[in-house]
Amino acid sequence: MILVALLLAPLLASGLTALLRGRRAMEAIHLVSAAAMFALSIQLAAQVLREGGVSWGDGFLHADYFSALVALLNAFVYLVSAPYAVGYFRRDAADNAFEQNGEGPPAEKKLLQYYALAPLFGFSMFLVVFANNLGVMWVAVEGTTLASIFLVTFYGRPTSLEAAWKYAMIGSVGLSMALFGTILTYYSAHQALGVETLSGLNWSTLVHSAAQFDKNVMRLAFILVLLGYGTKAGLAPMHTWKPDAYGEAPVPAAVLMAAAMLNCAIYALARFYVLTLRCLGPDFPSQLLILFGMLSMAVAVPFILVQRSYRRLLAYSSIDHAGIMVLGLGFGGALGALGMLLHMTFHSVTKPLLFFCAGNAQQHLGTDSLRKNSGGLIHSLPVSAPMFLLATLAVTGTPPFSLFQSEFTILRAGFAGRHTVPAILFVVFLVAIFCGFFFHVAQLVLGPANGLPRGEDSRWKSYPVLALAFVVIVLGFWLPAPLFALVEGAARVFEVQL
Amino acid sequence: MFFWQDPQFGDKMITLMAALILVLQIMMVAQHWLVTIIRVFAVQSFLLACIAATIAYFNNAPHIYAAAALTLLLKAIILPVVLTRLLVKVDIRREVEPFINMPISIIISGMLTLMAYVVAESFQRPDELAGPASLGHNTLAVAISLFLIGFFMMTNRRKALTQVLALLSLENGIFLAAISLTYGMPLVVEIGIFFDLLIAILVLAILVYRIRATFDSTDVSRLSRLRG
């Protein structure tokens, strides 16, 4: 029942928003629904910890530890982005940012676009993790793309259209490959089991008989799925949509895409990875995952070093982190999976902080260019600017922040699994990314005063930053026991019982 | 027993229709006029629905009938109508010269077809019994060709609308693979996919329209401001 409630809450929010249309009403619905979803997902996590799994409708919807973890993370991202969105769009409306050449739709219409689409986006992300049927999961992943296209075109600039077109096209082609992979998986299972019923594509059914799948077909299926969901996760070389889409979307939408949607893509990939692991053994999928993981990190390095825009900088950081997660999965073993899940958890907390600070800076300066600014942001933004530095340190995996722990776990998994060369390269890339990232943000934040008025413009925008910074710091020293139990339970999904 | 109840006859019909689908796909590659491309796509989808219906008939599988009906309704009727209207709205009739010219494109498509046959070879199971259950397995090569040629066409064309059509024909390939290999996905998945497809086309149509309004062209090679 709780699964259905979690799916209905965003739908209801979207419907109510479309009906009421007043600015205050839309904001209130958005905040209340975000809080409700988070509360429900905590309850779900508690229930999964107690009972080991929750099902609905004959196993049509199913949540195990892994689903509950990702649902919780996504709900958290949604929760923190809600108050920020309120402040962000109020400032946009005050700046007349919705208008093009002095004309354009009234602010209310633009707000409706965001407040009605964001819950639909949230709905499809919950459906991704609760759908037991791999085909339905694909439909939901495609749904996340469709719901977010008009969030990318939000400002209606020529560049936003360009970004949305790339996003739609690359995303659709990628997902069509994932669909082909899903069909081939079904075929390879179908041959072995002769399952004709509705549950024939259910992950919880497939996983027990994966060893009997047709190995030849499964190999091709995994390649297609990796390319498909890899496109969605923004792995190189299918990453080109990411900097454009993240740079053009309004910050609250970019947060949902960079933290929550990324989790969904990795989640979908991981589900197929487990099937492949049980069918073909660890070698074949590991090699591919390590290859794509390394490639993504390698691609991120030069673009981060010579970046001109700090919004796009964050997108390349996201490509880098997608690579790290996939790499953790590829290094394999209990340690690799644990590292990947921890990384996903910490990343979902840290990335929004970084985006919020960048958004505050962008609205304050009126540009996202790193070249045009002389620095000194710390003098005019007393909260966001120092937190920007803190978030940069956290997201690049500097101790004592939590991402350091997960990256270290992945590194240990790499050496334990005798992947020495990738593990060494992993460290080299991390160091290079740290240097580039820290250099750019330090140049923006530090330095003499830039003459802009001092002060944060809205509590809606600075309180989420402070709250998140608190969470990020606390997580560096203390991981709550129930959350760790959830992560450990999710890691057990990846155990091979050959 | 009438001749149309013989599975061998069905097999021949399916092979024939699959061959036609492939020919239509190559026709699309070599076509400048957007209206013609849309019509070719509609005919292709119609043939696809026929293949699905044939397989459904010989296997007595009602859910494949449903898939066939959905294909017919959505891909052979609704989408062509929507796209034709869009065409009138954005007032574009002809594709500009693609990146690789037409004759070479056709040769490339031929090579992709060959490649698809090589890939499909590894899926052949000679020990499989002939009969209604193995009906349509030989169309896998055609499905993979559609997929590859659609992929090639997407990268080769400049107009936003042609890219959308290439994407659709690529999806036709996937549908053919699903039908011929596993007799379609479970119905709920099938419906979900069609629903997604419908929304996707509406979204893309709006996007094409807005690109046209903003850039005064639907030439997507002009969308190249975002770099680095």
Quick one: what part of [X] sits under 4.5 Å from any heavy atom of chain B, side chain, backbone, both or neither?
| X | answer |
| --- | --- |
| A:A163 | both |
| A:M137 | neither |
| A:N216 | side chain |

message = Rounded at 0.5 Å granularity, tell me how far CD1 in B:I144 sits from CG in A:L220.
response =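 Output value for this atom pair is 7.0 Å.
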inquiry  = Can you tell me how far apart CD1 (A:I170) and CE (B:M154) are? Round to the nearest 0.5 Å.
reply    =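 One gets 9.0 Å once the value is rounded to the nearest 0.5 Å.
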Residue pair [X] / [Y]: nearest heavy atoms and the distance that separates them:
| X | Y | answer |
| --- | --- | --- |
| A:I183 | B:A178 | CD1-CB, 3.4 Å |
| A:P158 | B:T214 | CG-CG2, 3.9 Å |
| B:V189 | A:V139 | O-CG2, 4.2 Å |
| B:A200 | A:E142 | CB-OE2, 4.1 Å |
| B:L167 | A:S172 | CD2-CB, 3.6 Å |

Is it true that atom [atom1] of [X] has more than 12 heavy atoms of other residues, nucleotides or ligands lying nearer than 6.0 Å?
| X | atom1 | answer |
| --- | --- | --- |
| B:F151 | CZ | no |
| B:Y65 | OH | yes |
| B:K89 | NZ | no |
| B:F46 | CZ | no |

Heavy-atom distance under 4.5 Å to chain A: side chain of [X], backbone, both or neither?
| X | result |
| --- | --- |
| B:I193 | both |
| B:A166 | neither |
| B:I191 | neither |
| B:F195 | neither |
| B:L170 | side chain |

Please examine the side chains of [Y] and [X], heavy atoms only from C-beta on, and report whether any two atoms are closer than 4.5 Å.
| X | Y | value |
| --- | --- | --- |
| B:D196 | A:W138 | yes |
| B:I174 | A:M177 | no |
| B:V208 | A:W165 | yes |

Which of A:L179, A:L184, A:V136, A:L134 touches chain B most, by non-hydrogen pairs under 4.5 Å =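 Most heavy-atom pairs under 4.5 Å with chain B: A:L179.
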request  = Assess whether side-chain contact (heavy atoms from CB on, under 4.5 Å) is satisfied between A:M169 and B:V164, documenting all intermediate values.
outcome  = CA-CA 8 Å; A:M169 279 292 133; B:V164 174; 4.0 Å; yes
task = Check step by step if side-chain contact (heavy atoms from CB on, under 4.5 Å) holds for B:F147 and A:S176.
result = CA-CA 9 Å; B:F147 188 75; A:S176 65; 4.1 Å; yes
task = Show the numbers, then the answer: is there a side-chain contact (heavy atoms from CB on, under 4.5 Å) between A:Y186 and B:L181?
result = CA-CA 9 Å; A:Y186 186 45; B:L181 285 178; over 6 Å; no
request  = Might you work through the side-chain contact (heavy atoms from CB on, under 4.5 Å) test for A:F150 and B:I206, ending with a clear yes or no?
outcome  = CA-CA 10 Å; A:F150 287 122; B:I206 297 173; 3.8 Å; yes
